[in-house]
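Report on the following structure.
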Amino acid sequence: MAYPILYSFRRCPYAMRARLALTVSQQVCELREVVLRDKPQEMLDISPKGTVPVLVQVDGSILEESLEIMMWALKKQDSEVWLRADSGQMAHLQALVAACDGHFKHHLDRYKYAQRYENTNAQEHRAEGAKFLETLNYQLGETPYLCDQHRSWADMAIAPFVRQFANTDRPWFDAQPWPKLQAWLAEFLESDLFQQIMGKYPQWKSGEVGPLFPGP
């Protein structure tokens, strides 16, 4: 195995955050694009939880969580110094990401996919999710990014989920009094880095060699 193997799905925010870190650190992988309704058996054999991203290292060890993949890549090469935070800042950023992955993601799912959940009111969950976004908007009013003057791993870990929330009802999101958050998200969406990770790839099939990611 010449390169690590990354099982990914283009629109999954967890997979996005992994691809962002892999790209900025230039950790080249063989990309295996997954269709979630038709998951490859090879991925399920190594990671029975059946979710992306999954990274298989050259030595065969497996990383099954998006934040693990981010840290693995950035500790190899952190060219933009996404890990610049001191210990106090790091604790703050870890708390923000934990809130994103916990409380916010719970309400995001029930807002975006209300039909999947019994007796669910999408607007109630939108209101609960908005509380986290208000927190981010306040933070971004204090500093341009979530960690002082430069984007960090936490900005990149959270932005894909804010994107998903915003796109659920974009006119509503754009009408909210969150100018700093809206500008932060727009900068992320318009960045070369985001455009680079959102290239479209065909579904990987067993026996194929996937394309290299990030590409040239």
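When a residue number appears, it is its place in the shown sequence, counting from 1.
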Discussion item. Quick check for you: to the nearest 0.5 Å, what is the distance between T51 atom OG1 and Y14 atom OH?
Written reply: 8.5 Å
Worksheet item: Got a salt bridge between R32 and E30, using NZ or NE/NH1/NH2 to carboxylate O under 4.0 Å?
Response: yes
Practice prompt. Please lay out, stage by stage, how L55 and E68 fare under the test side chain to side chain contact (heavy atoms under 4.5 Å, CB included).
Written response: CA-CA 9 Å; L55 183 79; E68 288 182 327; over 6 Å; no
Worksheet item: Sub-3.5 Å donor-acceptor pair from the side chain of S25 to the main-chain atoms of A21, do we have one?
Response: yes
Item to complete: Using a 4.5 Å cut-off on heavy atoms from C-beta on, say whether the side chain of Y7 contacts that of S47.
Response: no
Practice prompt. Could you pull out the closest heavy-atom pair between C29 and L6, with the gap in Å?
Written response: CB-CB, 4.1 Å
Worksheet item: Looking only at atom types and distance, does a side-chain atom of Q27 sit under 3.5 Å from a main-chain N or O of K76, one as donor and one as acceptor?
Response: no
Worksheet item: Aromatic rings W172 and F165: how do their planes relate, parallel, tilted or perpendicular, breaks at 30° and 60°?
Response: tilted
Discussion item. I'd like to know if the side chain of S191 and the backbone of F194 have a donor-acceptor N/O pair within less than 3.5 Å.
Written reply: yes
Practice prompt. Go through D45 and Q41 one step at a time and tell me if the side-chain hydrogen bond (donor to acceptor under 3.5 Å, both in side chains) criterion holds.
Written response: CA-CA 6 Å; D45 287 343; Q41 189 59 48; 2.8 Å; yes
Worksheet item: Do R110 and Y117 meet the cation-pi criteria used here (NZ or CZ under 6.0 Å from the six-membered ring centre, within 45° of the axis)?
Response: yes
Item to complete: Indicate yes or no: at least one non-hydrogen side-chain atom of L136 is less than 4.5 angstrom from one of W178.
Response: no
Practice prompt. Evaluate the side-chain hydrogen bond (donor to acceptor under 3.5 Å, both in side chains) criterion for residues T135 and Q139: first the C-alpha distance (whole Å), next the side-chain angles of each, then the deciding distance (0.1 Å), finally the verdict.
Written response: CA-CA 6 Å; T135 298; Q139 174 68 55; over 6 Å; no
Discussion item. A side-chain contact here means heavy atoms from C-beta on lying under 4.5 Å apart; do D78 and W153 qualify?
Written reply: no
Worksheet item: Just wondering, do W204 and E42 contact through their side chains at under 4.5 Å, heavy atoms?
Response: yes
Practice prompt. Take the angle between the ring planes of H106 and H125 and call it parallel below 30°, perpendicular above 60°, tilted in between.
Written response: perpendicular
Fill in: Main-chain N/O of L146 paired to Q89 side chain as donor or acceptor, under 3.5 Å
no
Discussion item. On a heavy-atom basis, which atom in A99 and which in F132 lie closest, and how many Å separate them?
Written reply: CB-CE1, 3.8 Å
Worksheet item: Between Q26 and P214, is there a donor-acceptor pair closer than 3.5 Å when you use the side chain of the first and the backbone of the second?
Response: no
Discussion item. When you compare the side chain of E33 with that of Q203, does any pair of heavy atoms fall below 4.5 Å?
Written reply: no
Item to complete: Could you tell me whether a side-chain N or O of Q195 sits under 3.5 Å from a main-chain N or O of L189, the two making a donor and an acceptor?
Response: yes
Discussion item. So F188 and V162, do their side chains get closer than 4.5 Å, heavy atoms only?
Written reply: no
Worksheet entry | Flag, side chain of D148 to backbone of H150, donor-acceptor distance under 3.5 Å | no
Practice prompt. For the pair D155 and R17, find out whether any cationic side-chain nitrogen is under 4.0 Å from an anionic carboxylate oxygen.
Written response: no
Practice prompt. Flag the pair S79 / V24 as yes when at least one side-chain heavy-atom distance between them is below 4.5 Å, and no otherwise.
Written response: yes
Item to complete: Tell me, yes or no, whether the heavy-atom count around Y3 atom OH, taken from other residues, nucleotides or ligands under 6.0 Å, exceeds 12.
Response: no
Fill in: Exercise: identify the closest heavy-atom pair between P4 and V28
CD-O, 3.4 Å
Response to the item:
Closest non-hydrogen atoms of L140 and L181, given as atom of the first, atom of the second and distance, are CD1-CA, 3.8 Å
Discussion item. Centroid separation under 6.0 Å, is that true for the rings of F161 and F104?
Written reply: no
Worksheet item: Are the side chain of Q77 and the backbone N or O of L74 linked by a donor-acceptor pair below 3.5 Å?
Response: no
Fill in: Any donor-acceptor pair under 3.5 Å from T120 side chain to R116 backbone
no
Worksheet item: Do N167 side-chain atoms and Q164 backbone N/O form a donor-acceptor pair below 3.5 Å?
Response: no
Worksheet item: Taking C-beta and beyond as the side chain, do L83 and S152 meet within less than 4.5 Å on heavy atoms?
Response: no
